[in-house]
Amino acid sequence: MEQIAHEVILKTPSLFSFTQMKDALANASRECLYRVADDRIYKAIPAGQDIHVVEISEAGPAQLRIRIFSETAALPEPETQSEIVRYVTEWFDLDTDLAPFYAIASQDALLKQAIDTYSGLHLPGIPDLFEALCWGIIGQQINLTYAHTLKRRIVEQYGRSAAAGGELYWAFPTPETIAALSVPELKELGISGRKAEYLIDTARMLAEGRLSKKLLQEAGDLKKAEAILVSIRGIGPWTANYVLMRCLKLPSAFPADDVGLHNAIKLLTGMDRKPTRQEVLKLAEPWKGWESYATLYLWRILY
DNA sequence: TTCCAGGTCGGCG
DNA sequence: CGCCGACATGGA
């Protein structure tokens with residue numbers, strides 16, 4: 001990476017570990033929307049009219065460095081810069097103070113070990129609502145490896161890319177692009193017919209402005225935002241809560257039906273079967289207000 | 001071969 | 001309501 005257009009330093013919160021974030025991100029080795037190399041993370045971020053490749057690294061104590069690369073050496077507009085900063089802030093979850101969660105988790109049999117092992121891990125966000133919805137829909141009922149394969153095919157077929165340092169970086173397709181597709185076109189990638197319908201319908205809702213991140217933010221609370229999402233065909237309670245967790249950053253969002261969560265509970269409790277829904281809700285009672293972080297740490301144990 | 005994957009829908013009792 | 005088959009594909 002030669003050409004450095006601009007550099008921005010962000011302050012990280014007190015209980016934050018760049019290494020934990022990097023390791024968690026690096027764990028999804030089949031991920032196509034960012035790349036982890038050495039102690040740096042690279043990603044193409046849409047901002048303004050363009051896709052900007054950024055490099056994220058640790059700048060010093062409690063500091064994150066963002067390097068914004070440009071093919072033209074021109075500095076990105078201030079508005080574009082702040083858009084990128086906002087994106088990275090959500091992606092690395094820099095606005096959350098984990099202290100209250102750790103206070104709860106240190107007293108919790110299931111979480112105690114995890115918060116110690118992964119101390120400083122924040123919830124990696126998916127700032128783009130369309131990407132978060134699609135990733136949720138794609139991941140329904142198939143294994144994570146295959147979900148990554150399908151996402152890669154969609155991204156490389158219909159996404160946008162930018163080159164930097166001899167590498168190509170991809171950003172997720174726009175709702176407008178997917179809204180214009182037909183079901184057979186998505187089926188060609190290995191996506192089921194029904195999921196193809198869900199993806200195209202969701203893309204249309206976003207493209208036509210019938211659904212937006214703002215609409216969900218202004219819903220007022222978790223239950224209302226969840227109700228909006230669940231009313232959409234293809235989005236059930238799991239996907240709704242997954243999206244509210246990863247994109248809206250609602251700490252009490254809780255994908256209680258998640259099979260990975262169930263497997264983690266089974267593993268940690270030594271049960272010879274997966275927990276029932278009632279058992280999951282019972283175990284989650286002490287997590288109130290921090291269910292999404294509890295889920296994150298339990299997932300981290302598995303993956 | 002069978003079963004399970006970071007589920008959801010639509011039909012049926 | 002709750003239950004059940006269908007959905008697409010791949011890894012164990």
Side-chain angles (χ1 to χ4, degrees), chain A residues 24-33 110 114 118 121 123-126 129 131-157 172 181-203 205 211 226-250 253-268 271-281 283-284 287 291-303:
Chain A
L25 290 172
N27 208 267
S29 58
R30 308 181 67 108
E31 175 59 57
C32 61
L33 293 176
L110 290 180
Y118 303 110
L121 173 66
L123 176 54
I126 304 177
L129 177 61
E131 180 189 331
L133 285 164
C134 290
W135 180 229
I137 290 168
I138 291 166
Q140 293 170 5
Q141 174 53 22
I142 59 175
N143 66 63
L144 221 36
T145 309
Y146 186 48
H148 273 111
T149 301
L150 292 181
K151 182 168 83 165
R152 179 183 295 274
R153 289 178 189 162
I154 292 178
V155 165
E156 293 185 350
Q157 182 78 43
F172 201 76
L181 298 179
S182 63
V183 169
E185 285 174 298
L186 280 179
K187 282 187 76 170
E188 277 175 34
L189 304 182
I191 295 163
S192 71
R194 203 146 62 184
K195 279 188 190 174
E197 292 173 11
Y198 299 161
L199 294 175
I200 292 169
D201 288 350
T202 301
M205 290 194 68
L211 176 66
E226 184 182 347
I228 292 172
L229 289 173
V230 167
S231 73
I232 301 167
R233 201 171 87 98
I235 300 176
W238 179 85
T239 309
N241 279 275
Y242 183 81
V243 167
L244 293 174
M245 166 178 173
R246 298 291 306 274
C247 182
L248 279 289
K249 317 301 292 278
L250 300 186
F254 186 36
D257 306 309
D258 184 77
V259 69
L261 176 69
H262 299 178
N263 284 333
I265 291 173
K266 175 171 181 267
L267 181 71
L268 290 171
M271 292 167 72
D272 61 353
R273 56 171 176 80
K274 281 188 250 183
T276 64
R277 181 173 177 77
Q278 291 310 311
E279 287 170 330
V280 173
L281 295 179
L283 288 166
W287 307 342
E291 288 89 340
S292 68
Y293 287 85
T295 303
L296 167 72
Y297 276 78
L298 293 179
W299 277 342
R300 188 69 184 89
I301 287 169
L302 291 181
Y303 305 119

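Atom set for the values below is all heavy atoms of this structure, side chains included, hydrogens, waters and symmetry mates excluded. The chains referred to below are lettered A, B, ... by the order of the sequence lines, with proteins before strands, and numbering in each begins at 1.
- For A/Glu31, the side-chain contact (heavy atoms from CB on, under 4.5 Å) test picks out A/Ala28, A/Leu33, A/Tyr34, A/His148, A/Lys151, with sequence neighbours left out.
- Computed from coordinates, the A/Arg277 CZ to B/dG7 P distance equals 13 Å when rounded to whole Å.
- Annotation: B/dT8 and C/dG10 have their P atoms spaced 23 Å apart (nearest Å).
- Using a 4.0 Å heavy-atom criterion, one finds that A/Thr149 contacts no nucleic acid atom at all.
- A/Ser192 has a side-chain polar atom (N or O) that falls below the 4.0 Å cut-off from OP1 or OP2 of C/dA8.
- At the heavy-atom level, A/Pro255 lies nowhere under 4.0 Å from the strands shown.
- Here salt bridge (Lys or Arg N to Asp or Glu O under 4.0 Å) pairs that include residues 193-203 of chain A, with residues two or more places apart or in two chains, are A/Glu197-A/Arg233.
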Protein-nucleotides 2-6 of chain C N/O pairs under 3.5 Å:
from, atom 1, to, atom 2, distance (Å)
C/dA6, N3, A/Arg194, NH2, 2.9

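- Here A/Ser182 pairs with A/Pro184, A/Glu185 under the side-chain contact (heavy atoms from CB on, under 4.5 Å) rule; sequence neighbours left out.
- Contact annotation for A/Ile138: no contact, since no heavy-atom pair falls under 4.0 Å across all strands.
- Distance, A/Glu226 CD to B/dG7 P: 16 Å, rounded to whole Å.
- Residues of residues 292-303 of chain A that place a heavy atom closer than 4.0 Å to DNA chain C do not occur.
- A/Gln140 has its CD atom 12 Å from the C1' atom of B/dA5, to the nearest Å.
- Atom pair A/Asn241:CG and B/dT8:P shows a separation of 9 Å (rounding to whole Å applied).
- In terms of the salt bridge (Lys or Arg N to Asp or Glu O under 4.0 Å) criterion, residue partners of A/Arg152 (sequence neighbours excluded) are, by chain and number, A/Glu156.
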Give every pair of a protein N or O atom and an N or O atom of nucleotides 9-11 of chain C that lie under 3.5 Å apart, one pair per line with the distance.
from, atom 1, to, atom 2, distance (Å)
C/dT9, O4', A/Tyr146, OH, 3.3

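- When the P atom of B/dC4 is taken as reference, atom NE2 of A/His262 falls 15 Å away, rounded to whole Å.
- Looking at residues two or more places apart in sequence or on another chain, you find a ring pair (Phe, Tyr, Trp, His ring centres under 6.0 Å) between A/Tyr297 and A/Phe101.
- Checked against side-chain contact (heavy atoms from CB on, under 4.5 Å), A/Leu150 has the following partners two or more places apart in sequence or in another chain: A/Ile138, A/Ile142, A/Tyr146, A/Arg153, A/Ile191.
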Review point. How is the base pairing of DNA chain B summarised as a dot-bracket string, given the Watson-Crick and G-U wobble criteria with both distances under 3.5 Å, [ ] for crossing and | for another strand?
Key: .||||.|||||||
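- Nucleotide B/dG7 holds its C1' atom 13 Å from the CG atom of A/Leu199, rounded to whole Å.
- The side-chain contact (heavy atoms from CB on, under 4.5 Å) search around A/Leu302 returns A/Asn263, A/Ala264, A/Leu267, not counting sequence neighbours.
- Atom CG of A/Asp258 is separated from atom P of B/dT8 by 10 Å (rounded to the nearest Å).
- Atom NZ in A/Lys195 sits roughly 9 Å away from atom P in C/dA8 (whole-Å rounding).
- Although no hydrogens or angles enter the test, the distance criterion places a donor-acceptor pair under 3.5 Å between the side chain of A/Gln140 and the main chain of A/Gly234.
- Residues meeting the ring pair (Phe, Tyr, Trp, His ring centres under 6.0 Å) test with A/Phe172, sequence neighbours left out: A/Phe130.
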